[in-house]
Amino acid sequence: PCAADISKRLDALTQRLDQTLLINVLTVRSIGIDTLRLRLEPNGWRDEAQVERPNFNRRVNQLFALLETLRLNDFVRRDPSSVMVPLHVLHLTRQDVAGAAASVAAVASAASVAADVQVRLWTVPNGGLIQVDALPAQNVDAQTLANWNEVISRFRSDYLFNLETEFAL
């Protein structure tokens, strides 16, 4: 047994690895999605090569929502890149955040604090694998992988009107 104040301090200092945010999307300043390159500008997320395309704000927000769900739940070491080509590769460039390492669990710090983060997705029987940098690839079910594919596929085309987000009838 230990004093209550010691227990509270220990609890405040510890983080569960399965609850640690692997990628802080608030610091992302550019995104590579397969061959597409986006950059955050004052008027939103823009395609670096085709600036006439509409902004990607809504699509980036949907991607960020998925990235924020990534957790380190599976510690089995596997290297799918040695036997399979990734379905998608995301490359996130972040602004340098001084002192961010102090607030992130040591195991996840490589993905959370690095200026560049790579996320790769693979299809496997009954689902997929998602890997953030060199952390262990995480198993995902088929529906989760389908959600990722749907969100990523939306970056390929533009719509003249987006009634879903622009108007509430």
Side-chain angles (χ1 to χ4, degrees), residues 17-101 103-124 127-159:
L17 291 176
D18 62 349
Q19 293 177 352
T20 299
L21 190 63
L22 295 181
I23 300 170
N24 180 359
V25 297
L26 297 176
T27 62
V28 174
R29 295 297 175 254
S30 69
I31 305 170
I33 303 169
D34 298 327
T35 59
L36 176 68
R37 299 289 175 253
L38 304 175
R39 182 179 59 239
L40 182 59
E41 295 182 354
N43 60 344
W45 289 95
R46 307 301 292 196
D47 183 339
E48 290 181 354
Q50 299 176 357
V51 294
E52 70 280 355
R53 289 183 74 183
N55 74 45
F56 289 80
N57 296 345
R58 172 95 170 129
R59 291 172 273 187
V60 168
N61 287 340
Q62 292 169 336
L63 179 63
F64 281 179
L66 288 175
L67 289 168
E68 288 178 331
T69 67
L70 295 177
R71 297 293 186 270
L72 191 57
N73 296 318
D74 185 357
F75 293 97
V76 174
R77 266 289 185 212
R78 59 178 84 75
D79 185 13
S81 63
S82 64
V83 293
M84 296 182 284
V85 175
L87 181 63
H88 297 289
V89 177
L90 308 176
H91 185 81
L92 311 172
T93 302
R94 303 171 57 233
Q95 73 181 27
D96 188 22
V97 180
S103 65
V104 179
V107 173
S109 65
S112 297
V113 178
D116 295 317
V117 177
Q118 186 177 56
V119 179
R120 295 177 292 172
L121 292 84
W122 291 272
T123 301
V124 296
L129 295 171
I130 300 178
Q131 184 176 30
V132 177
D133 284 340
L135 294 174
Q138 303 298 297
N139 281 309
V140 294
D141 60 34
Q143 182 58 51
T144 301
L145 186 64
N147 291 344
W148 278 87
N149 278 325
E150 181 181 340
V151 168
I152 291 171
S153 70
R154 290 181 187 149
F155 285 89
R156 292 187 196 116
S157 57
D158 300 321
Y159 298 96

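Treat the numbers as computed from the prediction; the structure is a model and nothing was measured.
No side-chain donor-acceptor contact under 3.5 Å links Arg94 to the backbone of Leu26. Using modelled atom types, one side-chain atom of Asp47 and one backbone atom of Ala49 make a donor-acceptor pair closer than 3.5 Å. Proximity of a side-chain donor or acceptor of Asn139 to a complementary backbone N or O of Leu129 within less than 3.5 Å is not detected. With hydrogens and angles disregarded, no donor-acceptor distance shorter than 3.5 Å links the side chain of Gln131 to the backbone of Arg120.
The shortest side-chain heavy-atom distance between Glu68 and Val25 falls under the 4.5 Å cut-off. For the pair Leu38 and Phe155, the minimum side-chain heavy-atom distance is below 4.5 Å. Counting only heavy atoms from C-beta outward, the side chains of Phe56 and Leu36 approach each other to under 4.5 Å. Between Leu90 and Ile152 the shortest side-chain heavy-atom distance falls below 4.5 Å. For the pair Leu92 and Leu67, the minimum side-chain heavy-atom distance is below 4.5 Å. Between Asn149 and His88 the shortest side-chain heavy-atom distance falls below 4.5 Å. Contact of the Val28 side chain with the Leu40 side chain is not registered, since no non-hydrogen atoms from C-beta on lie closer than 4.5 Å.
For the atom pair CZ of Arg59 and CD1 of Ile33, the computed distance is 9.0 Å after rounding to the nearest 0.5 Å. Expressed to the nearest 0.5 Å, how far CZ of Arg156 lies from CG of Asp34 amounts to 7.0 Å.
The two atoms that bring Arg77 and Pro136 nearest to each other are NH1-N, 3.8 Å, heavy atoms only. Minimum heavy-atom separation, Leu66 to Asn147: CD1-O, 4.0 Å. Minimum heavy-atom separation, Leu145 to Gly128: CD2-CA, 3.9 Å. Minimum heavy-atom separation, Arg71 to Leu22: C-CD1, 3.8 Å. Among all heavy-atom pairs drawn from Met84 and Val124, the shortest one is CE-CG1, 3.9 Å. Nearest approach of Trp122 to Val85, heavy atoms of both residues: CD1-O, 3.5 Å.
For the salt bridge (Lys or Arg N to Asp or Glu O under 4.0 Å) test with Glu48, the passing option among Arg39, Arg37, Arg29 is Arg39; the others fail.
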Exercise for the section: Evaluate the criterion side-chain contact (heavy atoms from CB on, under 4.5 Å) for residue pair Gln138 and Leu70; output intermediate values, then yes/no. Expected result: CA-CA 9 Å; Gln138 303 298 297; Leu70 295 177; over 6 Å; no
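Taking the six-membered ring for Trp and thresholds of 30 and 60 degrees, Phe64 and Trp45 have ring planes more than 60 degrees apart, a perpendicular arrangement.
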